[in-house]
Amino acid sequence: MPSEEELIAQRLEKRERLLATGDPYPARTARTHTAAAAIAELEASEAVGLERTERIVTVTGRIAAQRVMGKAAFLDVRDGSGRVQLHLRADTVGSDAFQRIDLLDLGDFIEATGPLFRTRTGEPTVAVATYAVLVKAVRPPPEKWHGLQDVEARYRQRHLDLMSNERSREIARTSAAVVASVRRFFHERDFMEVETPVLQSEAGGAAARPFVTHHNALGRDLFLRISLELHLKRLLIGGFDRVFEIGRVFRNEGVSTRHNPEFTLLESYEAYADYHDVARMVEALLRHVAAEVAGSLQVPHGEHVIDLEAPFARTTYRQALIDHAGIDLREHRDLDSLRAVARARHVAFEATASWATLLDALMSTLVEPHLVQPTFIFDYPTELSPLAKRKADDPEVVERFELFVLGRELANAYSELNDPVEQRERMQAQAAKAAGGDEEAEVADEDFLEALEYGMPPAGGLGIGIERLMMLVTGEHSIREVILFPAMRDRTDS
RNA sequence: GGGCCCGUAGCUCAGCGGUAGAGCAGCGGACUUUUAAUCCGUCGGUCCUGGGUUCGAAUCCCUGCGGGCCUACCA
């Protein structure tokens with residue numbers, strides 16, 4: 001009789017029957033071993049030749065599979081460490097307890113105690129002497145063999161995805177390991193980890209539209225941060241020489257395979273370092289993470305193998321455009337000339353695009369897709385980088401680099417602009433663009449500008465989209481696979 | 001935002017103008033070392049929504065909702 005309602009009704013009925021003889025939701029368990037620890041225990045005890053009765057364990061977990069055959073049954077039980085098999089026999093657990101296995105369903109959690117042994121096929125197994133229900137689940141889990149395949153359901157109900165798909169668990173573990181590894185890298189280098197405000201009166205530090213929210217008590221609108229930059233720099237001003245933050249930022253933009261409205265940004269700032277120091281650090285960081293998390297500096301991704309071992313390619317913005325597109329920006333100093341180039345190459349651009357914006361469009365379409373192996377691009381046009389320090393010998397270019405892997409930007413860094421007068425001018429230029437209707441132009445943050453006037457040490461700053469790094473390491477192509485709960489439209493149950 | 005594709009049982013999927021199907025899960029039965037257990041029986045549907053075409057629509061057409069992939073911006 002199983003429509004969904006009926007399946008739930010059956011389980012609720014079983015819950016009632018369990019309640020009659022005990023508590024199907026006890027607060028405590030008597031677990032002695034995780035599934036993995038139990039198996040390790042069996043192996044260890046076999047090695048020293050212990051008797052079966054000397055290796056009694058209590059394991060707990062969710063019932064993942066059930067094979068009942070008359071007066072014996074096998075249950076596969078899974079906990080966070082892995083899976084272990086249980087064997088129940090009517091003559092061992094008693095006929096009443098054996099009959100009560102009809103009250104068990106896939107998805108329930110149980111606790112079982114008994115000696116470890118191997119079946120004749122060698123499977124490590126607990127010969128259950130006693131067992132108890134820990135949780136009666138009242139909804140059925142996804143199909144045991146194929147798991148949950150429906151992509152939408154996997155994102156909306158991640159708990160079901162994780163419960164039924166090993167690959168999804170693996171991605172989640174790897175992603176967590178990436179963050180832990182990044183954190184370890186910076187701690188080892190004496191960077192201080194900090195947390196800065198998510199709610200801000202101005203959302204600065206990047207070119208993006210912010211989310212707006214409202215503070216009732218203060219009676220004013222606040223913005224969710226779009227970057228970590230401006231507050232971290234204030235910490236440099238305050239006297240901390242090495243700081244970093246790993247935090248969620250929010251950008252009010254479209255969602256896609258590569259974009260989620262909230263994502264995790266890593267930013268670090270190091271006083272007395274310049275962008276070349278930061279580039280060396282980024283190289284070391286990627287190797288550190290790949291070695292720790294992927295176990296190799298050759299990272300497979302689709303048809304490519306990313307080589308993190310060889311020195312990363314280094315070129316300049318201008319040279320990359322020459323090499324990959326045959327365009328020398330010095331030969332196209334004026335907007336009209338550059339527009340002609342873009343048209344000739346069939347690169348789309350907005351009518352309002354400035355010279356630098358148009359240049360960036362050319363970069364994105366003609367150059368970046370070719371940068372599969374790690375490649376640093378140094379020295380960006382000043383107009384695109386309002387927070388970066390100009391190169392001493394060429395004021396049209398700033399000391400900024402981006403690192404590309406798999407044709408996508410992975411890191412962005414610069415020698416930080418610390419001249420308060422110039423910073424004010426550059427921010428005002430951005431503010432003028434904003435006033436001109438550019439919703440993604442940077443805002444002038446007066447508090448930041450004032451702070452900068454107290455003096456910020458020369459410093460190298462870095463930003464890395466953590467999900468991009470997770471995608472690189474896991475080999476996934478969609479950001480939604482590495483974000484546990486990606487943004488989805490409301491479902492209006494139609 | 002544009003293009004292509006998808007939405008059928010709790011889950012995985014067939015069916016693509018003529019009475020809505022299978023496997024898993026469930027329920028009943030057999031089975032005391034199985035492991036996608038096996039075997040027999042059985043229950044289960046707003047075929048995403050709303051319109052249209054047709055004697056007849058899960059199937060063809062249109063609209064809407066949700067999703068995926070590619071593409072455009074950002075990280």
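Computed over heavy atoms, backbone and side chain alike; hydrogens, waters and symmetry mates excluded. Here is how names work: the chains are called A, B, and so on, in the same order as the sequence lines, proteins then strands, and each is numbered from 1.
- Judged by Watson-Crick or G-U wobble contacts below 3.5 Å, the nucleotide B/C24 has B/G10 as its partner.
- When heavy atoms are screened at a 4.0 angstrom cut-off, A/Gln149 is found touching the sugar-phosphate backbone but no base atom.
- In this structure, CG of A/Asp76 is placed 16 Å from P of B/U33, rounded to the nearest angstrom.
- Regarding contacts with the backbone of B/C70, a side-chain N or O of A/Thr257 is found under 4.0 angstrom from either OP1 or OP2.
- The C1' atoms of B/G28 and B/G44 are separated by 15 Å, rounded to the nearest whole Å.
- A/Ser164 comes within 4.0 angstrom of nothing in the nucleic acid, heavy atoms only.
- Taking atom CG on A/Asp161 and atom C1' on B/G67, their separation rounds to 15 Å, with Å as the unit.
- For B/G67, the OP1/OP2 oxygens have a side-chain nitrogen or oxygen of A/Arg489 closer than 4.0 Å.
- Closest approach to the A/Asp105 side chain among B/U71, B/U33, B/G26 is made by B/G26 (side chain taken as heavy atoms from C-beta onward).
- One side chain, A/Tyr269 or A/Glu267, offers a donor N or O that lies under 3.5 Å from an acceptor on the other.
- Contact annotation: A/Lys144 reaches the phosphate of B/A25 (side-chain N/O to OP1 or OP2, under 4.0 Å).
- Among the protein residues, A/Leu148 comes within range of the sugar-phosphate backbone only, with heavy atoms under 4.0 Å from sugar or phosphate atoms but none that close to a base.
- Defined by atom type and a distance below 3.5 Å, a donor-acceptor pair is present between the side-chain atoms of A/Thr264 and A/Glu467.
- Under 3.5 Å, the side chains of A/Glu402 and A/Tyr380 contain a donor-acceptor pair of N or O atoms.
- Taking the side chain of A/Phe117 as heavy atoms from C-beta on, and the options B/A36, B/U33, B/G44, the nearest nucleotide is B/U33.
- Looking at A/Lys136 and A/Asp105, a side-chain N of the basic residue comes within less than 4.0 Å of a carboxylate O on the acidic one, giving a salt bridge.
- Comparing the P positions of B/C61 and B/U53 gives an interatomic distance of 15 Å, to the nearest angstrom.
- At the heavy-atom level, A/Asp91 lies under 4.0 Å from base atoms of the strands shown.
- If you take atom C1' in B/C47 and the same atom in B/C13, they sit 13 Å apart, rounded to whole Å.
- For A/Arg280 and A/Glu283, the salt-bridge test fails: no basic side-chain N is under 4.0 Å from an acidic carboxylate O.
- Residue contacts shown for A/Ile479 include a base, since a base heavy atom lies under 4.0 Å away.
- Counting distance only, with no hydrogens placed and no angle test, the side-chain atoms of A/Arg89 and the base atoms of B/U32 include a donor-acceptor pair under 3.5 Å.
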Between the protein and nucleotides 19-23 of chain B, are there any N/O to N/O pairs under 3.5 Å, and if so, what are the atom names and distances?
from: B/G23; atom 1: N2; to: A/Glu143; atom 2: OE2; distance (Å): 3.4

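- Remark: B/C55 base-pairs with B/G18. Criterion, Watson-Crick or G-U wobble with two distances under 3.5 Å.
- Within a 6.0 Å sphere centred on CZ of A/Arg17, heavy atoms belonging to other residues, nucleotides or ligands number 12 at most.
- Taking atom CG on A/Leu88 and atom P on B/U34, their separation rounds to 16 Å, with Å as the unit.
- Distance check on atom C1': B/C48 versus B/U8 gives 10 Å, rounded to whole Å.
- In this structure, A/Glu368 atom CD and B/C73 atom P are separated by 9 Å, rounded to whole Å.
- The 12-atom threshold is exceeded at CZ of A/Arg169, counting heavy atoms of other residues, nucleotides or ligands nearer than 6.0 Å.
- In this structure, the CZ atom of A/Arg83 is 15 Å from the P atom of B/U34, given to the nearest Å.
- Comparing B/A14 with B/C6, their C1' atoms are spaced 15 Å from each other, to the whole Å.
- At B/G67, one or more side-chain N or O atoms of A/Arg156 fall inside 4.0 Å of OP1 or OP2 (strictly under the cut-off).
- Across the P atoms, B/G50 and B/A57 are found 15 Å apart, a figure rounded to whole Å.
- With no hydrogens or angles considered, no side-chain donor-acceptor pair links A/Thr375 and A/Arg314 at under 3.5 Å.
- For A/His159, there are no ring-ring contact (aromatic ring centres under 6.0 Å, His included) partners two or more places apart in sequence or in a different chain.
- Rounded to the nearest Å, the gap between the P atom of B/U59 and that of B/A20 is 13 Å.
- Using a 4.0 Å cut-off between charged nitrogen and carboxylate oxygen, A/Arg225 and A/Glu262 do not count as a salt-bridge pair.
- Residue side chain A/Gln85 reaches the base of B/U34 through a donor-acceptor N/O pair under 3.5 Å, judged by distance alone.
- Within a 6.0 Å radius of CD in A/Glu195, no more than 12 heavy atoms belonging to other residues, nucleotides or ligands are found.
- Each of A/Glu402 and A/Met488 was matched to the nucleotide of RNA chain B holding its nearest heavy atom; the match closer to the 5' end belongs to A/Met488.
- The ring of A/Phe263 lies on top of the base of B/A75, close enough and flat enough: under 5.5 Å between centres, under 30° between planes.
- With a cut-off of 3.5 Å on both Watson-Crick or G-U wobble distances, the partner of B/A37 is given as none.
- Across B/G44, B/A75, B/A36, the shortest atom-to-atom separation from the side chain of A/Trp145 is found for B/A36.
- Regarding A/Ile464, its CD1 atom lies at a distance of 11 Å from the C1' atom of B/A75, rounded to whole Å.
- Put simply, CG on A/Asp150 is 15 Å from P on B/C6, counting in whole angstrom units.
- Nucleotide B/G1 has B/U71 as its partner under the Watson-Crick or G-U criteria, with both atom distances under 3.5 Å.
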* Please lay out, stage by stage, how A/Tyr275 and A/Phe378 fare under the test ring-ring contact (aromatic ring centres under 6.0 Å, His included). => CA-CA 9 Å; A/Tyr275 73 148; A/Phe378 289 92; 5.6 Å; yes
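- Of the residues in residues 60-72 of chain A, those with a non-hydrogen atom less than 4.0 angstrom from any atom of RNA chain B are A/Gln66, A/Arg67, A/Val68, A/Met69, A/Gly70, A/Lys71, A/Ala72.
- Atom CG in A/Leu366 sits about 14 Å away from atom C1' in B/A72, given to the nearest Å.
- In the set B/U32, B/U34, B/G10, the nucleotide with an atom closest to the side chain of A/Thr125 is B/U34.
- B/A58 and B/G51: their P atoms are spaced 14 Å apart (whole Å).
- Residues A/Lys14 and A/Glu262 both approach RNA chain B. Their nearest nucleotides, taken by heavy-atom distance, put A/Lys14 toward the 5′ side.
- Counting non-hydrogen atoms under 4.0 angstrom, A/Gly147 reaches the backbone sugars and phosphates but no base.
- A side-chain donor from one of A/Ser354 and A/Glu383 sits under 3.5 Å from a side-chain acceptor of the other.
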